[in-house]
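Step one of this worksheet: look at the structure below.
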Amino acid sequence: MSTLSKYIKGTVLALVTIAVIVVALNWQSANRLYSVISLFDKALIVNNFSHMKDVFFNKKIVAKGKPYTFTESPKPLPASFTYRDQVTNSEAFLARRATTALLVIKDDQITFEQYYLGTQSDDKRISWSMAKSFVSILFGMQVDAGNIDINKTVGFYLPELASSGYGNVKVEHVLQMSSGVKWNEDYLDFNSDINKMGRVLAIGGSLDDMTSELVNESEPGKAFHYVSMDTHVISMILRRVSGKSLVELIQQNLWNTIGMESDAFWLTDSQGAEFALGGLNVTTRDYARFGRLLLNNGEFNGKQIVSAEWIKAATTPQADYLKPQTDKLGYGYQIWLPPQAQQGEFFCVGVYGQYIYVNQQHNVVIVKNSADLGFQDELISKHETIAFFREIVASLQ
């Protein structure tokens, strides 16, 4: 049993009183609460990660128009790869990391595609924090249009947050996860901010209101501190300047324009605000189509969907403390850089093993979905997975 599963089961008694009240008021809310409690149970996690819309509030994104079609040129995966001077068997790695899907695309050709643990190609898989990178691209479109100046403060765009920890923070620093806002992202702490947020999604409440309650902890723009709610603030600015919801924006600007094949959906709070920092649910192939947009510097079929300048900025560390090092990942605008990153090498990542890896030099996109309960060694997991992806890239040359 995973550490997280033990934690969740250990907190059931703490939730009983809340659950009893919720049952008395609303059975659907009680069901959502139960789903949060059991979401990561080993026997349920794979199915849960492909069926999030069955429980949580959500909005649909509709596939329209002719989908972009990848050709196929099957090639085997490398039998093994080296990580920390140890040779690791690829199939054993995929099994150990509870992989549910792996898709490799080189020169717009699918070289490998496989689904595991009983999942199917049309499953809508939870993005977790890969959604942050989608938000970054939607944000870049508004910057391109002149509707947002990232050097202005959050309070300039959201006066209701003027007295919060975000009020005087530059928008750019929020994009970089260096807002200086106090936030506890410990999934194993029942009282952490990230778990409080999960209960808001389950029971009902407003993520916007929760954002307004956060306070400053340190000077902005000085250090990287991963604050998932930073992305929600970015989404609030997006909604304010555009007058549209995130689903309307992603429908108009991505699902209608880059050849997405399948419908998708975005989890929301009970007020209808999208769970911007982790609530997208998308097929593996459509994750790859988004990766292809990044690979091609924002261009699709001769049309610039988001500027190449934004893609460059979003995948470039803008300060020394954001640069990747030998044992440290780098960060741009809601997009990660691997250790010792090559030019044009970056990735989107979500907890429990969700990846969109892009290598522009070699024209490769790799998508990996997982239900990996070994998230407590998440940093090691990321480094090991990047080593695996790099071996795949090398094998395709």
Check your understanding: Any chance the side chains of Gln251 and Asn256 put a donor and an acceptor closer than 3.5 Å?
Key -> yes

Exercise for review: Find out if a path of hydrophobic residues (ILVMFWY) with successive side-chain heavy-atom gaps under 4.5 Å connects Val46 to Tyr115.
Suggested key: no

Review point. What distance do Phe347 atom CZ and Asn359 atom CG have between them, rounded to the nearest 0.5 Å?
Key: 12.5 Å

**Study point:** Heavy-atom donor-acceptor pair, Thr82 side chain to Val87 backbone, under 3.5 Å
**Key:** no

Exercise for review: May I ask you to decide whether Arg84 forms a salt bridge with Asp327, counting only side-chain N to carboxylate O separations under 4.0 Å?
Suggested key: no

Review point. Side chains of Asp193 and Asn184: do they bring a donor and an acceptor to under 3.5 Å?
Key: no

Check your understanding: Is any side-chain N of the basic residue among Glu185 and Lys196 closer than 4.0 Å to the acidic one's carboxylate O?
Key -> no

Review point. Is the Lys NZ or Arg CZ of Lys303 less than 6.0 Å from the centre of Phe300's six-membered ring, within 45° of the axis?
Key: no

**Study point:** side-chain contact (heavy atoms from CB on, under 4.5 Å) assessment of Phe275 paired with Asn58
**Key:** CA-CA 9 Å; Phe275 178 36; Asn58 65 87; over 6 Å; no

Practice item. Under the salt bridge (charged side-chain N to carboxylate O under 4.0 Å, His left out) rule, what do Arg292 and Glu299 come out as? Steps first, then yes or no, please. Key: CA-CA 9 Å; Arg292 182 177 182 272; Glu299 182 268 338; over 6 Å; no

Review point. Looking only at side chains, do Gln334 and Thr231 share a donor and an acceptor under 3.5 Å apart?
Key: yes

Exercise for review: Without swapping roles, check the side chain of Lys222 against the backbone of Ser178 for a donor-acceptor pair under 3.5 Å.
Suggested key: no

Point to revise | Side chain proximity check, Tyr355 to Thr385, heavy atoms < 4.5 angstrom | key: yes

Review point. So, for Tyr352 and Phe40, is the gap between ring centers shorter than 6.0 Å?
Key: yes

Practice item. Verify the distance criterion only: is there a donor paired with an acceptor across the side chains of Asn168 and Thr153 at less than 3.5 Å? Key: no

Review point. With a 3.5 Å cut-off and no angle check, do the side chains of Asp230 and Tyr166 form a donor-acceptor pair?
Key: yes

Review point. Are Tyr226 and Phe139 in one and the same hydrophobic cluster, where Ile, Leu, Val, Met, Phe, Trp and Tyr link if side-chain heavy atoms are under 4.5 Å apart?
Key: yes

**Study point:** side-chain contact (heavy atoms from CB on, under 4.5 Å) between Leu293 and Ile305, intermediate numbers included
**Key:** CA-CA 8 Å; Leu293 180 70; Ile305 306 300; 3.9 Å; yes

Practice item. Would you give the length of the straight line joining atom CZ of Phe70 to atom OG1 of Thr111, rounded to the nearest 0.5 angstrom? Key: 11.5 Å

Practice item. Sequence neighbours left out, what pairs pass side chain to side chain donor-acceptor pair (under 3.5 Å) with at least one residue falling in residues 341-351? Key: Glu345-Tyr357, Glu345-Arg390

Check your understanding: With distance as the sole criterion, is a donor-acceptor pair present between the side chains of Ser80 and Asn89 under 3.5 Å?
Key -> no

Point to revise | Expected output: side-chain Asp41 to main-chain Leu44 donor-acceptor under 3.5 Å | key: no

Review point. Salt bridge or not for Glu160 and Arg240, using N-O below 4.0 Å?
Key: yes

Check your understanding: Any idea which heavy atoms bring Gly291 and Ile356 closest together, and the distance?
Key -> CA-CG2, 3.7 Å

Point to revise | Distance-only polar pair, side chains of Thr283 and Arg125, donor-acceptor under 3.5 Å | key: no

**Study point:** Exercise: do Tyr333 and Glu172 side chains pair donor with acceptor under 3.5 Å
**Key:** yes

Review point. Stepwise, does the side-chain contact (heavy atoms from CB on, under 4.5 Å) test hold for Asn281 with His51?
Key: CA-CA 9 Å; Asn281 293 259; His51 297 91; over 6 Å; no

Check your understanding: Going by atom types alone, do Asp209 and Gln271 pair a side-chain donor with an acceptor below 3.5 Å?
Key -> no

**Study point:** From CA spacing to verdict: side-chain hydrogen bond (donor to acceptor under 3.5 Å, both in side chains), Gln360, Asn297
**Key:** CA-CA 9 Å; Gln360 291 180 325; Asn297 291 310; 3.0 Å; yes

Revision key, fill the gap. Separation between CD1 (Ile250) and CG (Leu238), nearest 0.5 Å, reads 10.5 Å

Exercise for review: Give the C-alpha distance, both sets of side-chain angles, the deciding distance and a yes or no for salt bridge (charged side-chain N to carboxylate O under 4.0 Å, His left out) between Glu113 and Lys368.
Suggested key: CA-CA 10 Å; Glu113 182 177 21; Lys368 183 179 184 293; over 6 Å; no

Check your understanding: If you draw a 6.0 Å radius around NZ in Lys53, do more than 12 non-hydrogen atoms from other residues or ligands fall strictly inside?
Key -> no

Point to revise | Heavy-atom closest contact (Ala273 atom, Asp208 atom, distance) | key: CB-OD1, 4.3 Å

Exercise for review: Could you tell me whether the side chains of Ser73 and Lys75 share a donor-acceptor contact shorter than 3.5 Å?
Suggested key: yes

Check your understanding: Between Phe81 and Tyr83, does the ring centroid distance fall short of 6.0 Å?
Key -> no

Review point. Can you name the nearest heavy-atom pair linking Ser90 to Pro78, along with the distance?
Key: OG-O, 2.6 Å

Review point. Could you walk me through whether Thr284 and Ser121 pass the side-chain contact (heavy atoms from CB on, under 4.5 Å) check?
Key: CA-CA 7 Å; Thr284 299; Ser121 61; over 6 Å; no

Exercise for review: Nearest 0.5 Å please: distance from the CG atom of Leu94 over to the CD atom of Gln114.
Suggested key: 8.5 Å

Review point. Would Ile380 end up clustered with Phe93 when hydrophobic side chains under 4.5 Å apart are linked, directly or stepwise?
Key: yes

Point to revise | Interatomic spacing from OG in Ser262 to CH2 in Trp255 - rounded to 0.5 Å | key: 9.0 Å

Review point. Do any N or O atoms from the side chain of Asn48 and from the backbone of Leu39 form a donor-acceptor pair under 3.5 angstrom?
Key: yes

Check your understanding: Under a 4.5 Å cut-off applied to non-hydrogen side-chain atoms, are Lys60 and Trp266 in contact?
Key -> no

**Study point:** From CA spacing to verdict: salt bridge (charged side-chain N to carboxylate O under 4.0 Å, His left out), Glu384, Arg97
**Key:** CA-CA 10 Å; Glu384 183 183 31; Arg97 288 299 174 192; 3.4 Å; yes

Check your understanding: What is the distance from atom CD of Glu309 to atom CG of Asp144, rounded to the nearest 0.5 Å?
Key -> 7.5 Å

Practice item. Check whether the side chains of Asn195 and Ser192 place a donor and an acceptor atom closer than 3.5 Å, and report yes or no. Key: yes

Point to revise | Lys132 side chain to Ser129 side chain, donor-acceptor N/O pair below 3.5 angstrom | key: yes

Review point. Taking the six-membered ring for Trp, is the centroid-to-centroid distance between Phe224 and Tyr331 below 6.0 Å?
Key: yes

